[in-house]
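One structure is given below, encoded as structure tokens.
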Amino acid sequence: MELRAELLKSIWYAFTSLDVEKSGKVSKSQLKVLSHNLYTALNIPHDPVALEDHFSDDDDGPVSNQGYMPYLNKFILDKVVEGTFAKENVDEFCWTLCAKKNYRPKNGVDVLPDKDAFHLWCLFNFLSEDNYPLVLIPEEVEYLLKKICIAMSVELSCVDMEDFISQEAVQQSGITVWAFLDFVNTGRLTSGMVKESVTMAIDEVYQEIAGNIIKQGYLWKKGHLRRNWNERWFSLQPSTLHYYVSEDRKECKGCIELSHNCCVEVLPEKEGKRCMFCVKTLTKTYEMSAPDTKQRQEWTTAIQTAIRLCVEGKKSLHKDLKLRRREQREERERRHTAKEEELQSLRLLQWERESKLAELELLQDAQKQAQTALLQEEQKRIQHVELQRTLQEQLQQAEEARASIQAEMALKDVETERQRRRIRELEVMQLRLEEALHQEMRARQDEEVYFLAQARLLVEEEEKMKALLALQEEQEQYILKTQREKQELRQEMVTKSQALEEAQHQLEKVRASRHRMDQDIAVSATKSVSNPDLLLNLLDSYSSIVSVPSLRDPGLRLYHQRNEREKNLQ
């Protein structure tokens, strides 16, 4: 049944590609060509007249999908034998028919090679549900894109993914394979990646999911006869572990059949090999060595998963994972539905409770209103009785009040007259106070004017004081200068006085010498009568020795200058 469902997905694309007018019908001639190619691809005997016999009652017009399905089931799919054909050939034939019509990259940009697009188309069909038209739910699209990104060693861009999935058409009806291929062709996932890396990643995911390969890679294997170690390419499937000479898988060196009697064990290091493990069957033990501890753990886990699938009778890991994801989604939807129903029931119960509370509140309000009305009636009756009694008392009090009011009126008239006189006196006093207030205001204004004038005078006095201080400072500087000059003059006068005293002392000496010379001359004169030559010699010596002071003498000149300066200072 699983194989029939997978074949029907590919054949549905081929049938719809022949429906050019999108009316759900295809001509018999086209169906003959389609059936002939399906016979060839599925490796079943050709029956060229079966289509004519099946539709012998119809006209030569087109045949609908519902009309072609009985023939397809009876003459083609019922004759299919699993293992006698390559499903990839059927997929490739159907892809060739539908891609010519539907696969047109936008703006002429062809990011994906045709082989990669074909592999993505096969992966899309594998992950899609068995509902027509075939679409893929957003969760499965994200799962497939994540697998491809992991194979390319890049991280899936959540922003681009959310932009693509959040489209209204995607949310309502799901994603078609052509919209999916257009999204991949935009290059958002493969930006910065070379085409070879993208092709290798898509091929790896295709072999893993569509080729039903759980894990593949190089391992070292120990031989059974020669006991030497050889590097082999291993390919693990749910029931078998094949190993080849190289990764092109052209020369198969052996196959390990997996069953519930098989097990995997980790071995210690020996013979210079590390990260060893073995696969034990009923007849043989296969020893292998991984490149590192991580690879050994991945291989042992993958082989254990293959054994588990074999024991459970499951032929594909990813079909099992797809079924689990579907069950998880259904479980989430059931939980969501149950939660919604529970919320709905809670809302209903809440609404009923609120309605009952509202009715109860209405009843309580009605009861309170009735009680309030009774109390109001009783209060009105009591108030009426009290009002009658109060009116009688008020009539009596009114009579008494009228008499007292008349007496009070007389007193009030007297008091009113007295208050009028008092008011007139207060008005006169108010006038006087206003006049005094005006005078006070004028006095205040005069005082302010006086204060302003006084402030101006203070400013002028301050300016004059500053000028006097500046003049005083100049006088002090002049006095200091004069004192210095007087000190210099006194020093000069002392010097000149000393010089004068010396001159006077010399003058006195000269005078004494002169006096002595005069006496000598007088004595000599008496004696010169007899010797005139001697007298002449004495006079010459006198004139040479004694010089009479004159006005050119420095001491006398200094003396006269000092007397003139003292006169000027005085």
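Note that these values count all heavy atoms, side chains included, but never hydrogens, waters or copies made by symmetry.
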Test side chain to side chain donor-acceptor pair (under 3.5 Å) applied to [X] - qualifying residues, sequence neighbours left out:
X: Glu129; value: Arg326, Arg329
X: Asn73; value: Arg4
X: Ser355; value: none

Donor-acceptor pairs under 3.5 Å, side chain of residues 238-254 to any protein atom, not counting sequence neighbours: which ones?
unit_1	atom_1	unit_2	atom_2	d
Thr240	OG1	His242	ND1	3.4
Ser246	OG	Asp248	OD1	2.5
Ser246	OG	Asp248	OD2	3.4
Asp248	OD1	Lys250	N	3.4

Exercise. Which residue pairs pass the salt bridge (charged side-chain N to carboxylate O under 4.0 Å, His left out) test when at least one of the two sits in residues 255-266, sequence neighbours left out?
Worked result: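 Non-adjacent pairs meeting salt bridge (charged side-chain N to carboxylate O under 4.0 Å, His left out): Glu265-Lys280.
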Exercise. Does a salt bridge link Lys273 with Glu287, judged by any charged N lying under 4.0 Å from a carboxylate O?
Worked result: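 Salt bridge: no.
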For this session: Determine, for Glu331 against Arg334, whether the closest basic-nitrogen to carboxylate-oxygen distance falls under 4.0 angstrom.
Result: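 So Glu331 pairs with Arg334 through a salt bridge.
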Exercise. Pairs in or reaching into residues 329-352: which pass ring pair (Phe, Tyr, Trp, His ring centres under 6.0 Å), with residues at least two apart or in two chains?
Worked result: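 Residue pairs passing ring pair (Phe, Tyr, Trp, His ring centres under 6.0 Å), neighbours aside: none found.
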For this session: If a pair satisfies ring pair (Phe, Tyr, Trp, His ring centres under 6.0 Å) and one of its residues is in residues 276-295, list it, with sequence neighbours excluded.
Result: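 Every ring pair (Phe, Tyr, Trp, His ring centres under 6.0 Å) pair that includes a residue of residues 276-295, provided the two are not neighbours, is His224-Tyr286.
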Problem set entry | Partners passing salt bridge (charged side-chain N to carboxylate O under 4.0 Å, His left out) against Lys87 (at least two apart in sequence or in another chain) |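 Scan of Lys87 (salt bridge (charged side-chain N to carboxylate O under 4.0 Å, His left out), adjacent residues dropped) gives Asp91.
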Problem set entry | Partner residues of Arg353 under the salt bridge (charged side-chain N to carboxylate O under 4.0 Å, His left out) criterion, sequence neighbours left out |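 With sequence neighbours excluded, Arg353 shows a salt bridge (charged side-chain N to carboxylate O under 4.0 Å, His left out) to no residue whatsoever.
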For this session: Not counting sequence neighbours, list each pair that qualifies as a side chain to side chain donor-acceptor pair (under 3.5 Å) and has a residue in residues 296-312.
Result: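 Every side chain to side chain donor-acceptor pair (under 3.5 Å) pair that includes a residue of residues 296-312, provided the two are not neighbours, is Lys215-Glu298, Gln297-Thr301, Arg308-Glu312, Glu312-Lys314.
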Problem set entry | Under the ring pair (Phe, Tyr, Trp, His ring centres under 6.0 Å) test, residues paired with Trp220 that sit two or more places apart |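 Ring pair (Phe, Tyr, Trp, His ring centres under 6.0 Å) list for Trp220, sorted by chain: empty.
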Exercise. What residues, two or more places apart in sequence or in another chain, satisfy ring pair (Phe, Tyr, Trp, His ring centres under 6.0 Å) together with His46?
Worked result: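 Result, ring pair (Phe, Tyr, Trp, His ring centres under 6.0 Å) vs His46: His36, Tyr39.
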